[in-house]
Amino acid sequence: MRINYCGKVNQTILNSYVKLYGWVNKIRDHGGILFLDLRDMYGRTQLVIDSKKLDFTNFVLAKKLKSEYIIKVIGLIKLRPVKDGFTNKIDIFVIELNLLSKSIKLPFKLYAKKKIKEEIRFKFRYIDLRQKKYIKKILIRSQIIHKIRSFLDINKFIEIETPILSNITVEGARTFIIQSHKQTFALPQSPQIYKQILMCSGLDRYYQIAKCFRDEDLRSDRQPEFTQIDIETSFMNKQAIINVVEKMIKSLFKELLHFTFSSAFKIIKYTDAINKYGTDKPDLRVPIKITDIEDVIPQSLTCIFLNKLQKLTSQCNRIAAIKLKGGVCLSLKQIIKYISFVKLYGAKGLIWIKVYNINLGLNGLQSPILKHITDEVIHNLKKRLHLKNGDLVFCCADTINIVNTSLSVLITQIANDLKLYIKAWAPIWVVNFPLFKRDIVGTLTSYHHPFTAPTSTLDDIIYNPEKAFANSFDLIINGIELGGGSIRINDYKLQKIIFKLLGLTQRTLNNNFGFFLKAFKFGVPPHGGLALGLDRIVMLLTKSDNIRDVIAFPKTNKFICPLSV
RNA sequence: GGAUCGGUAGUUUAGUUGGUUAGAACAUCGGCCUGUCACGCCGAAGGUCGCGGGUUCAAGUCCCGUUCGAUCCGCCA
């Protein structure tokens with residue numbers, strides 16, 4: 001058994017002998033004496049190879065060592081002569097040296113100051129992972145999984161594995177299909193149905209660290225195969241589930257980052273999130289909200305706000321604004337940059353108003369629309385937006401979706417540019433999502449999935465499905481969707497109605513969900529649960545801006561594993 | 001499926017309105033050096049400029065195509 005690690009030997013065992021294994025990180029050859037940094041996964045320590053203290057054969061061998069050779073040494077731990085600026089306090093005076101493995105020249109420099117292209121890093125991932133910063137992410141990932149397991153274990157959850165090879169498909173993402181010589185399998189997008197079946201068995205606190213597969217295009221936070229912390233419980237309501245998951249997340253932050261959340265996570269309804277932040281995953285570290293202004297500007301002006309594009313006739317429009325405190329310092333160039341930025345999201349543009357002196361009315365402002373507006377409009381805007389000197393207002397007018405998207409991405413962009421984050425961590429539960437949404441061809445689809453229990457009445461669901469809401473909840477931290485869940489339907493009739501509303505034919509229903517509905521006839525406990533994206537939790541806790549950094553062997557945008565291709 | 005950015009030595013990169021032999025730093029290799037810790041000093045080697053085509057007297061540079069990588073939109077129950 002290995003006892004000593006390079007990163008762990010310290011001055012508590014001075015003047016004793018130690019056996020170390022490791023990689024040659026760097027050699028400083030002074031002729032008769034060599035200084036060698038030996039590295040393992042926990043850190044580095046300095047070996048001193050002195051021609052006077054080592055036999056000739058060993059010294060000759062030492063002179064031949066190169067970077068990344070793997071060696072075994074036995075040496076005496078000594079205090080290093082004191083010199084300013086160096087904190088490593090000990091040396092290992094080598095008395096015996098063994099070469100275990102050689103290495104050719106590395107394809108890139110470890111501990112390079114400049115960023116190495118991922119293309120190369122992932123091709124040689126085994127070398128990439130010799131770097132401390134990436135080892136650390138892998139270590140933290142392991143700790144997170146370990147802590148989640150012990151937390152859930154303490155809370156009486158049991159870990160149950162569900163099949164990877166199955167023929168259950170829930171509509172949603174594209175599915176990976178596996179052809180074997182005997183059968184065709186689908187890789188699971190999540191263990192959703194299996195875990196609900198387990199509830200039917202009475203295994204009422206289930207969890208799984210589950211590999212999931214979705215054949216969709218990649219993003220910086222999306223991989224085709226990823227890991228979910230999948231949880232399902234019976235006889236717990238929404239609040240109870242939220243409580244236990246929140247406790248788990250808080251314990252992770254406490255144990256891994258030594259950060260304590262002072263209060264319960266904020267809970268906000270979906271509709272409020274959309275109205276105030278323009279998105280269902282707001283980043284509450286940024287203190288900017290969206291404010292409706294349509295009712296404080298005269299009808300005659302709305303077309304100007306709509307950029308002369310259309311009259312405000314449809315109910316599907318929104319005229320709204322965000323206020324940037326101290327924003328007058330933004331240059332016209334920056335403002336134009338933001339205008340072209342929102343155009344990427346469908347907005348026709350932005351109207352901006354710089355407030356230099358609010359008491360002077362129009363004279364205290366700078367804006368391209370000054371000649372179209374009156375002091376009264378300014379007065380109204382001042383009241384609505386609580387305008388003060390130095391503020392910058394961006395207004396956007398378009399369909400609700402375009403205004404929401406544009407202003408929410410604008411808020412994020414401005415916050416990034418101007419470093420407007422007022423706190424480190426902003427967790428939030430977004431609850432009561434719509435039950436359904438219409439896709440591009442007008443078909444009704446589930447907002448989450450077809451098993452989500454509604455909060456609306458049956459009449460509303462049937463006759464006004466788009467206005468129906470779900471008993472669901474998403475966990476958002478810093479604008480990142482960590483996961484979501486819901487209370488599930490546990491009523492045979494209701495589940496069947498939902499399937500029908502979603503347009504499933506009797507045949508599809510029988511083929512895909514027949515067994516599931518049948519299970520309902522044998523009794524289904526009230527149940528619910530959620531799934532958290534493990535990779536995203538690791539990203540958050542390791543402050544990684546890329547999911548590939550927290551996965552040992554990630555895939556590229558083209559679904560290629562650069563290591564093995 | 002769409003948009004944007006990028007690919008020059010092992011790595012990170014410079015390369016002007018197209019114009020001599022594509023330059024640097026670090027790494028590598030050889031030599032010297034007993035207190036370095038980004039050691040130092042002397043020397044050397046290392047480039048089909050992603051790939052294919054076009055324009056031109058002349059292309060790393062301009063144009064077209066393609067491929068790979070990244071980011072985003074669509075997509076992601």
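Residue numbers start from 1 in every chain, and the chains themselves are labelled A, B, ... in the order their sequence lines are given, proteins ahead of strands.
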Taking any heavy-atom pair under 4.0 Å as a contact, classify [X]: base, sugar-phosphate, or nothing.
| X | answer |
| --- | --- |
| A:Tyr447 | sugar-phosphate |
| A:Pro107 | sugar-phosphate |
| A:Phe93 | base |

Say you pick atom [atom1] in [N] and the same atom in [M]; how far apart are they, in whole Å?
| N | M | atom1 | value |
| --- | --- | --- | --- |
| B:U12 | B:G46 | C1' | 16 Å |
| B:A9 | B:U21 | C1' | 16 Å |
| B:C42 | B:U61 | C1' | 37 Å |
| B:G7 | B:A14 | C1' | 15 Å |
| B:G23 | B:C64 | C1' | 30 Å |
| B:C29 | B:A3 | C1' | 46 Å |
| B:U20 | B:U13 | P | 25 Å |
| B:C57 | B:G43 | C1' | 41 Å |

Is it the case that A:Arg44 places NZ or CZ above or below the six-membered ring of A:Tyr111, under 6.0 angstrom from the centre and within 45 degrees of the axis? yes

ring-ring contact (aromatic ring centres under 6.0 Å, His included) with A:Phe433: which residues, sequence neighbours excluded? A:Tyr270, A:Tyr447, A:His448

When you measure from every atom of RNA chain B, which of residues 469-478 of chain A have a heavy atom less than 4.0 Å away? none

Quick check on contacts: within residues 124-138 of chain A, what sits under 4.0 Å from RNA chain B by heavy-atom distance? none

Exactly one candidate in A:Ile335, A:Ile288, A:Ile290 meets side-chain contact (heavy atoms from CB on, under 4.5 Å) with A:Phe394; the answer is A:Ile335

Is it true that atom NZ of A:Lys337 has more than 12 heavy atoms of other residues, nucleotides or ligands lying nearer than 6.0 Å? yes

Counting only heavy atoms not in A:Phe559, do more than 12 sit closer than 6.0 Å to its CZ atom? yes

Value in whole Å for how far the [atom2] atom of [N] lies from [atom1] of [X]:
| X | N | atom1 | atom2 | value |
| --- | --- | --- | --- | --- |
| A:Ile120 | B:G50 | CD1 | C1' | 12 Å |
| A:Leu106 | B:A9 | CG | C1' | 17 Å |
| A:Leu47 | B:G35 | CG | C1' | 15 Å |
| A:Asp215 | B:G1 | CG | P | 13 Å |
| A:Arg121 | B:U11 | CZ | C1' | 14 Å |
| A:Gln189 | B:C75 | CD | P | 15 Å |
| A:Ile27 | B:G40 | CD1 | C1' | 16 Å |
| A:Leu110 | B:A27 | CG | P | 13 Å |

State whether A:Lys117 places a side-chain N or O below 4.0 Å from either non-bridging phosphate oxygen (OP1 or OP2) of B:U12. yes

Please figure out whether A:Ser67 or A:Asp50 has its closest RNA chain B nucleotide nearer the 5' end. A:Ser67

Could you say whether A:Lys437 or A:Lys26 is positioned toward the 5' end of RNA chain B, judged by the nucleotide with the nearest heavy atom to each? A:Lys26

Applying ring pair (Phe, Tyr, Trp, His ring centres under 6.0 Å), which residue pairs with at least one partner in residues 32-64 of chain A are found, sequence neighbours left out? A:Tyr5-A:Tyr42, A:His30-A:Phe35

For the base of B:C39, is there a side-chain donor-acceptor partner from A:Asp29 under 3.5 Å away? no

Has the side chain of A:Ser51 got a donor or acceptor atom sitting under 3.5 Å from an opposite partner on the base of B:U34? yes

Can you list everything that forms a side chain to side chain contact (heavy atoms under 4.5 Å, CB included) with [X]? Sequence neighbours excluded, please.
| X | value |
| --- | --- |
| A:Ser101 | A:Ile70 |
| A:Lys558 | A:Thr556, A:Ile560 |
| A:Ile480 | A:Leu482, A:Arg536, A:Leu540 |
| A:Ile487 | A:Lys238, A:Ile241, A:Ala453, A:Asn471 |

Might you list the N or O atoms of the protein lying below 3.5 Å from N or O atoms in nucleotides 69-74 of chain B, with each pair's distance?
unit_1: B:G69; atom_1: OP1; unit_2: A:Thr556; atom_2: OG1; d: 2.8
unit_1: B:A70; atom_1: OP2; unit_2: A:Asn557; atom_2: N; d: 2.9
unit_1: B:A70; atom_1: OP2; unit_2: A:Asn557; atom_2: ND2; d: 3.4
unit_1: B:A70; atom_1: O3'; unit_2: A:Arg548; atom_2: NH2; d: 3.1
unit_1: B:U71; atom_1: OP1; unit_2: A:Asn546; atom_2: ND2; d: 3.0
unit_1: B:U71; atom_1: OP1; unit_2: A:Arg548; atom_2: NH2; d: 2.9
unit_1: B:U71; atom_1: OP2; unit_2: A:Arg548; atom_2: NH1; d: 3.3
unit_1: B:C72; atom_1: OP1; unit_2: A:Ser220; atom_2: OG; d: 3.1
unit_1: B:C72; atom_1: OP2; unit_2: A:Ser220; atom_2: N; d: 3.2
unit_1: B:C73; atom_1: OP2; unit_2: A:Arg219; atom_2: NE; d: 3.0
unit_1: B:G74; atom_1: N7; unit_2: A:Arg219; atom_2: NH2; d: 2.8
unit_1: B:G74; atom_1: O6; unit_2: A:Arg219; atom_2: NH1; d: 3.0
unit_1: B:G74; atom_1: O6; unit_2: A:Arg219; atom_2: NH2; d: 3.1
unit_1: B:G74; atom_1: N1; unit_2: A:Asp217; atom_2: OD2; d: 2.7
unit_1: B:G74; atom_1: N2; unit_2: A:Asp217; atom_2: OD2; d: 3.4

Please list, for nucleotides 41-47 of chain B, all pairs of protein and nucleotide N/O atoms separated by less than 3.5 Å.
none

Could you tell me the Watson-Crick or G-U partner of [N], where both distances fall under 3.5 Å? Say none if there is no partner.
| N | answer |
| --- | --- |
| B:G43 | B:C29 |
| B:G6 | B:C68 |
| B:U13 | B:G23 |
| B:C37 | none |

Among B:A27, B:G35, B:U12, the nucleotide that comes nearest once only the side chain of A:Ile116 is considered: B:U12

Okay, side chain of A:Ser544, backbone of A:Asn546: is any donor-acceptor separation there less than 3.5 Å? no

So, are A:Arg222 and A:Glu216 salt-bridged, with charged N and O less than 4.0 Å apart? no

Is A:Asp91 salt-bridged to A:Arg80, going by a charged N under 4.0 Å from an acidic O? yes

Does A:Lys63 have any side chain to side chain donor-acceptor pair (under 3.5 Å) partners at least two apart in sequence or in another chain, and if so, which? A:Asp29

All side chain to side chain donor-acceptor pair (under 3.5 Å) counterparts of A:Arg28, not counting sequence neighbours: A:Asp37, A:Gln46

Just to verify, which of A:Phe513, A:Phe516, A:Tyr492 counts as forming a ring pair (Phe, Tyr, Trp, His ring centres under 6.0 Å) with A:Phe499? A:Phe513

